[in-house]
Amino acid sequence: MEDAYARSASEVLDFFGVDPSKGLADSQVLRHGMLYGRNVLPEEKRTPFWKLVLKQFDDLLVKILIAAAIISFILALINGETGLAAFLEPSVILMILAANAAVGVITETNAEKALEELRAYQADVATVLRNGCFSILPATELVPGDIVEVSVGCKVPADMRVVEKLSDILRVDQAILTGESSSVEKELESTVATNAVYQDKTNILFSGTVVVAGRARAIVVGVGANTAMGSIRDSMLRTGDEVTPLKKKLDEFGTFLAKVIAGICVLVWVVNIGHFRDPSHGGFLRGAIHYFKIAVALAVAAIPEGLPAVVTTCLALGTKRMARLNAIVRSLPSVETLGCTTVICSDKTGTLTTNMMSVSKICAVQSVHHGPIMAEYTVSGTTYAPEGFIFNDNGAKLEIPAQFPSLLQVAMCSALCNESILQYNPDKENYEKIGESTEVALRVLVEKVGLPGFDSMPTALNVLSKHDRASYCNHYWENQFKKVSVLEFSRDRKMMSVLCSRKHMELMFSKGAPESILSRCTSILCNEDGSTVPLTPDVRAELEARFIRFAGKETLRCLALAMKRMPLGQQTLSFDDEKEMTFIGLVGMLDPPREEVRNAMLSCLTAGIRVIVVTGDNKSTAESLCRKIGAFDHLVDFSGHSYTASEFEELPALQQTLALQRMALFTRVEPSHKRMLVEALQHQNEVVAMTGDGVNDAPALKKADIGIAMGSGTAVAKSASDMVLADDNFASIVAAVAEGRAIYNNTKQFIRYMISSNIGEVVCIFVAAVLGLPDTLAPVQLLWVNLVTDGLPATAIGFNKQDTDVMKAKPRKVGEAVVTGWLFFRYLVIGAYVGLATVAGFIWWFAYSDDGPKLPYSELMNFDTCSSRETSYPCSIFDDRHPSTVSMTVLVVVEMFNALNNLSENQSLLVIPPWSNLWLVASIILTMILHLLILYVHPLSVLFSVTPLSWADWSVVLYLSFPVIIIDEVLKFFSRNPAGLRFRFRLRRPDLLPKKELRDK
């Protein structure tokens, strides 16, 4: 029944045909069960494990690598190779792919846990009325029409319409559903609001919420998937995981690279068709297979096998740094997504605010005879810690607040007329509350006021341990007075009272809504001398004006405090006693904004990131908080920038689009609105970060480009998120964005480094094939270079320091290519040099080395006809391992120099020297040590088909390698000086990636 909130209790009972005094009969239970289904969230269809594994290999580059591994294995068997030599290359490729697949499977498995944890919020049992008798049944057996009784502490087992209240007040904590910071009072009356959201449905008890006060009976109107919790589950199931911007660009680049690789491989094979019949191959078919092996080697050279592993490693390094900033990353790709975030949709409660209600203002009557009538005090401190000061109208700090009569009585009343507990948690190292937030705020105020008669009280309190300090002053007053009787808060009175006894004196302390307390007061306590005087109409009007200002302009939650001397020996209180009281003071409290939020929001403005505050609270409260933060000072007023969910939904489509571009505040929202907001912003090509902590936030967290859950939030929110804020602090998000931008810059640098290195390998093989030279590098050697020598320095580039102006630049566009046209030209030049230097080293050994045969170049080009003609040298010279060792070493050393080029995209090595990143220096040293091992340790040298080099060989290697630094310094100079000579190659697009939609509409 979807509109139960809009119907009267009798209409709902009639709809289900149930007698509220007897409940459903067994026949009705059976019929309703068949009609409406069971009260369980249905099991979602899980993706089979084998499908998850196969999904990880659904990538064009991965498929090419798998094909290359299989082909190289088959060719090795055809050539008669056995043992380690036949299996090495395909095994290493498959091991890398398996490791990447494992990471992907683990990530996807984590995402499904969010749906499982949603079930933890379902109640286990329910007290149900059936056949005229109450019984405790499993909650799964409930059907619509059942009459259920709930009381304090009960978890609501299904969506239910209240039909009878068994106590004066019924309050429910539905924060997991709506995000509201305080409990909600439930009523019997039907709701008349149009487009009613959860907050408006004050007669509905929602599944999974908790009763915090009162008892009631309600009729079940929704079970299983037809509950509020069920709608969240459905929304999560409809939400697919968004592909991150970097993943999109890498996928597109991979597709582009695969096409280029395929083209080059076919070209190399076709160009050499004339050589298939060369005698050295032993026939046309064997010649075709030989050049096919070269094409496969070219594919292995062109594909950066280590790229996924290095990207993962760099992102993992970033997560460690972010963890130190209290941002715990659950999904590695989200680290990079932070860098291009354009909109942050932030929760108000707990993220922008401390979620710790604090007293900020106190108003008392100073004197009715002379001077200012009212005394107004400001209270500092925004947490539950008993730390803060009280300041008078002039801003002067009160050294001993307890010496002022009104403040002293305010403290006494706050301590005694209070059911909450304030305590220190040594494990979490913070102060915690048990009970209502407003009452705990009064507890903290008592500690800030201190105790009377001790001039050194503030100093003495600081000596106490945090455990003792938490409620020291509160305990003092509780020991001084004995509580005799309590009148609980009720909705009609809007106040509570407590009767206390002390030294043959009976006092009643009351607190409640200012209008209720003031109407029952006939006298006031003067702060000037502690005297009690009659409450005149003028003073009453002045107090009401202060209350209106506190509650209106300053949007404070206000409570008035009063007291009354009672007859000696009185043991009970009645409602009739709550009259002719003495007014003590008015306190105003709020959930204060975090102190660091203002600067964090200003950083967002500077960085081109828009912040939208999203909250379930009402519009005026949220606008007031935004003004207090001070980060919205650039807005003259909130008209056109602040919308309730209902207002936004009523706007025409075009106006909604315009409103989204200006929106700064979105209020009175429920889960579906948050998800709608994320989708609408994404359709405008915004990259959206969404914060949340409740079960209600899970669908929006999953839908957002990056979902950010609060450390204090629910397990469901955390499981659906990409990142968890350990300290629930908005400022941590901004710090994480800066780190995300730095990580992307480093990621971009090592991607470019690996691409330029691979271009060099492709050029090497291609040039050698076109010139008709022997195999310059064996496939296993290429694999070694790609994995070990490329991987270590590329990972170390991830440690490049964050730029000082990283948060002064606008967010990069989602469609920004990892490698643009000019950069690609730069790395083509570098790659071409790397390839040519490698081939040059190979030719040098044959033509010029003292240890080589010193062959003419023409002999080298006709090596394949050696066996069919007379030569002055043995044909076995072309099987010597020296030339390929020189080539491989040139390739390794030139790439080490190229790694130094990537300390910065455009800055010279003279500005950013190598020692600015010691990790890179260390990785280069380690790489060279590993390379020396395979050259000079016998079993390894056989495995990689290499041989030790002489000093002469090494000097040539250095001569051929070092110029790569000079070439890149020249190219960097042109990049830094656009006014000078600069090459601008206009390809089909400025970047090299095929044009695609940024988002799936």
Side-chain angles (χ1 to χ4, degrees), residues 84 88-89 91-92 95-96 99 301 304-307 309-310 312-314 316-317 746 749-750 753-754 756-758 760-761 764 776-800 834 837-838 841-842 845 851 881-903 909 913-965:
L84 189 61
L88 180 67
E89 185 180 334
S91 299
V92 172
M95 277 185 347
I96 295 164
E305 297 94 336
L307 182 59
V310 173
T312 302
T313 305
C314 186
L317 292 172
N746 291 343
Q749 282 301 101
F750 72 65
Y753 164 68
M754 294 187 86
S756 65
S757 300
N758 284 33
E761 293 164 20
C764 167
T776 315
L777 293 167
V780 70
Q781 293 172 338
L782 282 171
L783 202 62
W784 168 259
V785 173
N786 277 357
L787 288 180
V788 182
T789 59
D790 281 7
L792 287 173
T795 305
I797 288 169
F799 287 95
N800 285 350
V834 170
T838 305
F842 186 83
W845 189 87
D851 298 328
R881 291 183 294 171
H882 266 96
S884 65
T885 304
V886 171
S887 291
M888 181 183 176
T889 305
V890 168
L891 185 57
V892 168
V893 175
V894 78
E895 288 185 4
M896 294 306 102
F897 284 127
N898 192 29
L900 295 175
N901 286 334
N902 283 275
L903 281 167
L909 278 171
W915 52 87
S916 65
N917 185 343
L918 292 176
W919 288 102
L920 181 58
V921 175
S923 72
I924 290 172
I925 293 170
L926 180 59
T927 299
M928 290 309 301
I929 290 171
L930 290 172
H931 186 66
L932 292 173
L933 280 176
I934 69 164
L935 290 185
Y936 296 101
V937 176
H938 181 67
L940 293 175
S941 62
V942 172
L943 186 63
F944 288 96
S945 301
V946 292
T947 192
L949 297 180
S950 66
W951 283 111
D953 297 333
W954 276 105
S955 60
V956 170
V957 166
L958 290 172
Y959 281 132
L960 288 172
S961 303
F962 185 77
V964 76
I965 285 184

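Worth knowing before you read on, the calculation uses all heavy atoms, side chains too, and leaves out hydrogens, waters and symmetry mates.
Note that CD1 of I924 is 12.5 Å distant from CD1 of I929, once rounded to the nearest 0.5 Å. Between the CG atom of L926 and the CH2 atom of W919 there is a distance of 11.0 Å, given to the nearest 0.5 Å. The structure places OG of S884 at 7.0 Å from CZ of F842, a figure rounded to the nearest 0.5 Å. A distance of 5.0 Å separates CG in L891 from CD in E761, rounded to the nearest 0.5 Å. With rounding to the nearest 0.5 angstrom, the CG atom of L949 is 10.5 Å from the CE atom of M888. Note that the CG atom of L930 and the CG atom of L935 stand 11.0 Å from one another [nearest 0.5 Å].
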* Could you please spell out the steps behind the side-chain contact (heavy atoms from CB on, under 4.5 Å) verdict for C764 and L777? => CA-CA 9 Å; C764 167; L777 293 167; 4.0 Å; yes

* Does the pair V892 and M928 meet the rule for a side-chain contact (heavy atoms from CB on, under 4.5 Å), with working shown? -> CA-CA 8 Å; V892 168; M928 290 309 301; 4.0 Å; yes

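For the residue pair T776 and S887, the shortest heavy atom distance occurs at CG2-OG, 3.4 Å. Summarising the geometry of V946 relative to T885, their closest heavy-atom pair is CA-OG1, 3.2 Å, with the distance given to 0.1 Å. N902 and N898 get closest at one heavy-atom pair: ND2-O, 2.9 Å. Nearest heavy-atom pair across R881 and S945 is CD-C, 3.6 Å. Residues L903 and L909 approach most closely at CD1-CD2, 3.7 Å, considering heavy atoms. Heavy atoms only, all atoms of each residue included: W954 and H931 are closest at CH2-CD2, 4.5 Å.
Around the OH atom of Y959, the shell of radius 6.0 Å holds no more than 12 heavy atoms that belong to other residues, nucleotides or ligands.
With contacts defined as side-chain heavy-atom distances shorter than 4.5 Å, the pair M896/P793 qualifies. V921 is not listed as a side-chain neighbour of S923, based on a closest heavy-atom distance of 4.5 Å or more. At least one side-chain heavy atom of D851 sits less than 4.5 Å from a side-chain heavy atom of S950.
With hydrogens and angles disregarded, a donor-acceptor distance shorter than 3.5 Å links the side chain of N917 to the backbone of A796. Between the Y753 side chain and the L900 main chain, no donor and acceptor come within less than 3.5 Å of each other.
Each of T889, V834, T838, V890 was checked for a side chain to side chain contact (heavy atoms under 4.5 Å, CB included) with S961, and the lone residue meeting it is V890.
Aromatic ring pairs are classed by plane angle as parallel below 30°, tilted from 30° to 60° and perpendicular above 60°; the pair H882 and W845 is parallel.
L918 is linked by a side chain to side chain contact (heavy atoms under 4.5 Å, CB included) to W915, counting only residues two or more places apart in sequence or in another chain.
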